[in-house]
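All heavy atoms count here, side chains included; hydrogens, waters and symmetry mates do not.
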Amino acid sequence: FCGVEKIKKKCYSSDMKHHNYGFTLAEVLITLGIIGVVVALTLPTLLASYRKNVVETRLETTYSLIYNALKLAENDYEDSSLSDVTSSGIYSDDFIKKYIVPYAKVENCSYHSDQYSVYTPSGNLAFHVIWSQNNNMYCLANGVAILGRAHGSNGRIAGQVIIVDINGPDGTNNKYGKDVFEMYFANEAMRSDSYYHSRCPKGLSFCADDGFGGTSSDLSRQEIIDNCLNKGGNSGLNACGYMIQNNNWKVPKDYPVRI
């Protein structure tokens with residue numbers, strides 16, 4: 001009896017040594033298919049989260065860079081409101097050259113087309129700039145590009161708009177609220193001189209105004225969202241940046257533009 005048991009154990013042990021326990025082709029294909037499905041489901045979310053993080057970080061750092069540059073300029077010129085920025089004073093490209101370029105790490109961008117176009121969230125052309133000696137794009141240390149654009153009507157400058165392009169000078173299909181945003185600068189002279197736009201706070205801000213006298217504090221949440229979507233005209237497009245800044249530099253859940 002003992003001899004039989006030993007033979008059985010020996011045979012069992014020998015059988016175990018020679019048996020192959022690898023995966024079959026079918027098992028490998030099923031595993032790869034499951035991994036592919038998981039990646040397909042999670043990758044869009046991960047990419048969207050990454051894009052949002054880029055917008056949030058670059059928008060906040062750009063605001064800080066420009067804000068600090070303007071404060072240094074105010075100290076150097078002993079002028080707390082930069083009062084020569086008025087409807088009859090400097091604006092647009094001159095504003096950036098005088099008050100931002102000397103005080104921040106800024107250099108002229110290299111761009112590869114003869115004009116720069118920006119579109120509304122719905123895809124309509126908002127404006128375009130033909131590059132010239134008086135129209136330039138400037139690159140910041142964080143990879144963002146900025147350019148100046150005066151805002152006003154009938155020859156009266158209501159405010160200095162700073163266009164912020166998150167993707168830098170090589171961005172294509174630029175859209176407000178997705179990769180292009182507006183900052184707004186106004187001083188007391190500009191705010192009191194204008195009838196068209198400048199109800200925004202003094203200094204540098206994202207302002208959700210509607211272009212018709214309504215300011216961020218006057219507007220409902222839905223009106224701010226509509227302005228970001230360009231439903232009230234181009235003058236309200238800086239509302240997109242306002243929504244992010246006012247949410248501690250995070251894209252809010254009700255943000256209307258897909259980033």
Side-chain angles (χ1 to χ4, degrees), residues 44-67 70 118-127 142 144 146-147 149-153 158-167 171 173-188 190-192 194-259:
T45 302
L46 292 174
L47 290 175
S49 177
Y50 170 75
R51 289 193 297 267
K52 286 182 180 179
N53 182 258
V54 169
V55 169
E56 293 163 351
T57 302
R58 291 190 176 183
L59 208 58
E60 181 178 11
T61 56
T62 300
Y63 179 87
S64 178
L65 285 169
I66 295 175
Y67 179 88
L70 294 176
V118 177
Y119 300 86
T120 66
S122 60
N124 298 320
L125 180 66
F127 75 92
N142 62 353
V144 171
I146 62 171
L147 64 150
R149 188 167 73 96
H151 210 330
S153 179
Q160 172 60 50
V161 175
I162 301 171
I163 305 297
V164 177
D165 191 329
I166 297 297
N167 296 328
N173 196 27
N174 302 302
K175 285 188 176 182
Y176 271 117
K178 180 180 180 181
D179 52 8
V180 178
F181 300 85
E182 286 187 355
M183 292 181 189
Y184 183 79
F185 174 83
N187 54 29
E188 289 300 333
M190 301 172 86
R191 295 173 78 240
S192 62
S194 174
Y195 64 93
Y196 177 64
H197 183 74
S198 56
R199 295 291 187 91
C200 295
K202 176 184 174 182
L204 185 69
S205 70
F206 289 100
C207 182
D209 79 296
D210 56 7
F212 301 100
T215 64
S216 307
S217 59
D218 299 328
L219 303 178
S220 68
R221 186 65 175 180
Q222 188 56 53
E223 287 173 322
I224 292 173
I225 290 173
D226 288 345
N227 287 345
C228 178
L229 288 172
N230 189 230
K231 291 185 178 180
N234 291 352
S235 58
L237 286 168
N238 38 2
C240 299
Y242 171 84
M243 292 183 71
I244 296 174
Q245 183 189 31
N246 203 46
N247 194 48
N248 295 317
W249 298 107
K250 298 294 181 184
V251 176
K253 292 182 179 180
D254 61 348
Y255 193 71
V257 180
R258 184 176 180 180
I259 295 178

query: Among all residues two or more places apart in sequence or in another chain, which pass the side chain to side chain contact (heavy atoms under 4.5 Å, CB included) test with N247?
result: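 Here the qualifying residues are K250, P252.
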- request: Starting from the C-alpha separation in whole Å, work towards a yes-or-no answer on side chain to side chain contact (heavy atoms under 4.5 Å, CB included) for V257 and Y176.
  value: CA-CA 9 Å; V257 180; Y176 271 117; over 6 Å; no
Indicate yes or no: at least one non-hydrogen side-chain atom of [X] is less than 4.5 angstrom from one of [Y].
X	Y	result
S122	L229	no
D254	R221	yes
Y255	C240	yes
L70	F185	yes
E182	I163	yes

Locate the shortest heavy-atom distance separating [X] from [Y]; write the atom from each residue and the value.
X	Y	answer
M183	L59	CE-O, 4.2 Å
I166	V144	O-CG2, 4.1 Å
C228	P256	SG-CG, 3.8 Å

Taking atom [atom1] of [X] and atom [atom2] of [Y], what is their separation to the nearest 0.5 Å?
X	Y	atom1	atom2	answer
N174	Y119	CG	OH	8.5 Å
I162	I66	CD1	CD1	4.5 Å
I244	F206	CD1	CZ	7.5 Å

message: Could you tell me if D226 and Q222 have a donor-acceptor pair between their side chains, going purely by distance under 3.5 Å?
response: yes
task: Mind jotting down which residue pairs meet the side chain to side chain donor-acceptor pair (under 3.5 Å) criterion with at least one end in residues 50-62? Sequence neighbours excluded, please.
output: T61-N142, T62-N142
- prompt: Between W249 and Y63, how do the two ring planes meet: parallel, tilted or perpendicular, split at 30° and 60°?
  reply: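 Ring orientation of W249 relative to Y63: tilted.
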